[in-house]
Amino acid sequence: MKTKATSSGKLLVIVLGPTAVGKTDFSIDLALRYGSPVISCDSRQIYKEMTIGTAVPSASQLAAVKHYFIHSHSVRDNYTAGKYEIEAVALMERLFAEGHDTLVMAGGSGFYIDAVCRGLDDFPPADPRLRAELSDRLRREGVESLRFDLRRLDPESYDSIDLANGQRIVRALEVCIMTGKKFSSFKTASVKKRGFEIKKIGLTRPRDILYDRINRRVLQMMDDGLVGEVKSLVSHRGLPALQTVGYREIFSYLDGDISLGRAVELIQRNTRHYAKRQMTWWGRDDDIEWTDLSEE
């Protein structure tokens with residue numbers, strides 16, 4: 001696959017796709033070809049306390065090329081897609097100014113990618129009191145209760161958002177309640193102009209192959225010590241960053257609510273569901289050039 005800088009001389013190539021499809025290796029190969037670092041666009045790999053359950057690139061992969069936004073923040077930080085937009089765009093502008101003509105970004109967080117491509121300034125600021133109330137409901141009632149409210153208030157967001165991500169659902173509901181408008185309506189605002197061109201490369205595999213990769217990745221996470229990693233985060237379990245597939249299920253195991261085997265099954269199932277929703281999100285983006293890795 002050939003990718004070159006545009007007439008403006010500045011090009012951002014975004015490698016996206018569902019979890020476990022193979023974005024890390026693909027993006028590293030592309031970055032090495034263009035002498036670029038890899039700018040991670042993953043809403044969980046940014047957290048330094050979360051390694052195994054977020055499938056952070058291995059030590060050898062991180063050594064192969066410079067990575068940004070890997071273990072760059074703490075779970076205690078109230079980090080958002082809006083903050084990522086500001087930090088990531090500022091980083092890219094600096095790298096372009098230093099002489100790079102092509103930069104490589106990689107990730108599976110559709111909302112974060114949209115923040116870079118479109119901008120999210122049209123979203124209203126957070127309401128701390130309302131967010132605290134919704135977060136308390138999330139802890140007390142679980143994510144199902146909030147999902148029901150989101151489906152009632154904003155069916156479009158319900159169909160596209162990661163329903164396993166409690167933090168995203170809290171934010172979507174917060175905006176709906178605060179403004180009386182659908183959360184999804186804010187994403188139709190005019191696109192911000194960037195000082196660089198954007199090319200999106202979407203990676204796919206046949207569903208049975210992708211699901212097998214997901215299942216095997218979860219088993220590898222268990223072998224690598226996921227239970228121990230989650231135990232080390234018990235004191236932070238109420239934070240939004242920990243409302244994540246792989247962590248929630250192990251918390252349930254540690255609470256004695258389910259067996260370890262059942263926790264593994266749920267992580268595999270919920271990760272497969274997440275991959276499906278990622279593809280639904282991107283299925284509406286005609287700018288993506290899709291590549292089936294099983295054919296290369």
Side-chain angles (χ1 to χ4, degrees), residues 19-20 23-24 27 37-63 65-88 91 105-113 115 126 128 131-132 134-136 138-139 142-143 162 164-171 214 217-258 260 263-264 266-268 270-271 274 278:
T19 184
K23 296 184 294 295
T24 298
S27 62
V38 171
I39 303 169
S40 175
C41 195
D42 187 290
S43 64
R44 289 299 178 263
Q45 291 183 356
I46 62 171
Y47 296 119
K48 63 186 68 176
E49 299 89 348
M50 302 167 69
T51 297
I52 299 172
T54 61
V56 165
S58 67
S60 61
Q61 289 171 326
L62 291 173
V65 65
K66 171 74 174 178
H67 281 70
Y68 291 95
F69 294 103
I70 295 289
H71 287 174
S72 56
H73 295 73
S74 169
V75 294
R76 295 182 293 275
D77 297 334
N78 183 27
Y79 202 73
T80 64
K83 290 182 180 179
Y84 179 81
E85 176 194 353
I86 294 170
E87 294 182 4
L91 170 66
M105 172 175 282
S109 297
F111 201 43
Y112 277 44
I113 291 173
R131 177 170 293 186
L134 292 171
S135 297
D136 184 59
L138 178 64
R139 287 188 292 270
V143 73
D162 174 15
N165 189 325
Q167 182 183 12
R168 293 281 168 77
I169 296 176
V170 164
R171 178 56 173 156
I214 288 171
R217 170 182 278 186
V218 172
L219 294 177
Q220 186 62 54
M221 287 177 175
M222 298 303 296
D223 289 342
D224 290 343
L226 180 59
V227 173
E229 179 171 276
V230 177
K231 282 182 179 178
S232 72
L233 293 167
V234 166
S235 61
H236 301 306
R237 65 181 299 175
L239 295 176
L242 273 300
Q243 312 308 313
T244 302
V245 174
Y247 293 82
R248 291 193 323 272
E249 296 84 355
I250 298 299
F251 282 135
S252 293
Y253 159 67
L254 295 175
D255 290 339
D257 296 333
I258 57 176
L260 184 58
V264 172
L266 288 175
I267 296 171
Q268 292 173 325
N270 292 337
T271 305
Y274 176 51
Q278 287 175 299

Notebook entry, point to check: Nearest 0.5 Å, what's the CG-OG1 distance between N270 and T244?
Noted result: 11.5 Å
Notebook entry, point to check: What residues, two or more places apart in sequence or in another chain, satisfy side-chain contact (heavy atoms from CB on, under 4.5 Å) together with S232?
Noted result: none
Notebook entry, point to check: Stepwise, does the side-chain contact (heavy atoms from CB on, under 4.5 Å) test hold for V143 with Q243?
Noted result: CA-CA 9 Å; V143 73; Q243 312 308 313; over 6 Å; no
Next item on the list: Could you give me the CA-CA distance, side-chain angles and deciding distance for L260 and M222, then say whether side-chain contact (heavy atoms from CB on, under 4.5 Å) is met?
Entry: CA-CA 10 Å; L260 184 58; M222 298 303 296; 3.6 Å; yes
Note to self: Show the nearest heavy-atom pair for residues I113 and G107, with the distance to one decimal.
What the structure shows: CD1-O, 3.7 Å
Note to self: R139 vs D136, test: side-chain contact (heavy atoms from CB on, under 4.5 Å). Steps then yes/no.
What the structure shows: CA-CA 5 Å; R139 287 188 292 270; D136 184 59; 3.9 Å; yes
Next item on the list: Let me know which of K83, E87, K48 forms a side chain to side chain donor-acceptor pair (under 3.5 Å) with H73.
Entry: E87
Next item on the list: Apply side-chain contact (heavy atoms from CB on, under 4.5 Å) to K231 and list each qualifying residue two or more places apart in sequence or on a separate chain.
Entry: V227, L254
Check: Between I267 and E249, which heavy-atom pair has the shortest distance, and what is it?
Finding: CG1-CB, 3.6 Å
Notebook entry, point to check: Does E49 have any salt bridge (Lys or Arg N to Asp or Glu O under 4.0 Å) partners at least two apart in sequence or in another chain, and if so, which?
Noted result: R76
Notebook entry, point to check: Is it true that D42 and K23 make a salt bridge, defined as a side-chain N closer than 4.0 Å to a carboxylate O?
Noted result: no
Margin query: Can a side-chain donor-acceptor contact be found between Q45 and H67 if the only test is distance below 3.5 angstrom?
Written below: no
Margin query: Could you report the tightest heavy-atom contact between S40 and Y84, atom names first, then the distance?
Written below: O-OH, 2.7 Å
Check: Do the rings of Y112 and Y79 sit parallel, tilted or perpendicular, given the 30° and 60° boundaries?
Finding: tilted
Next item on the list: Specify the closest pair of heavy atoms between Y247 and L233, including all atoms of both residues, with the distance to one decimal.
Entry: CE2-CD1, 3.9 Å
Check: What are the two closest non-hydrogen atoms of E229 and G53, and how far apart are they?
Finding: OE2-N, 3.1 Å
Notebook entry, point to check: Between CD1 of I258 and CD1 of I250, what distance do you get to the nearest 0.5 Å?
Noted result: 7.0 Å
Next item on the list: Specify the closest pair of heavy atoms between F69 and L91, including all atoms of both residues, with the distance to one decimal.
Entry: CE1-CD2, 3.7 Å
Next item on the list: Walk me through it: do S43 and R168 pass the test side-chain contact (heavy atoms from CB on, under 4.5 Å)?
Entry: CA-CA 11 Å; S43 64; R168 293 281 168 77; 3.3 Å; yes
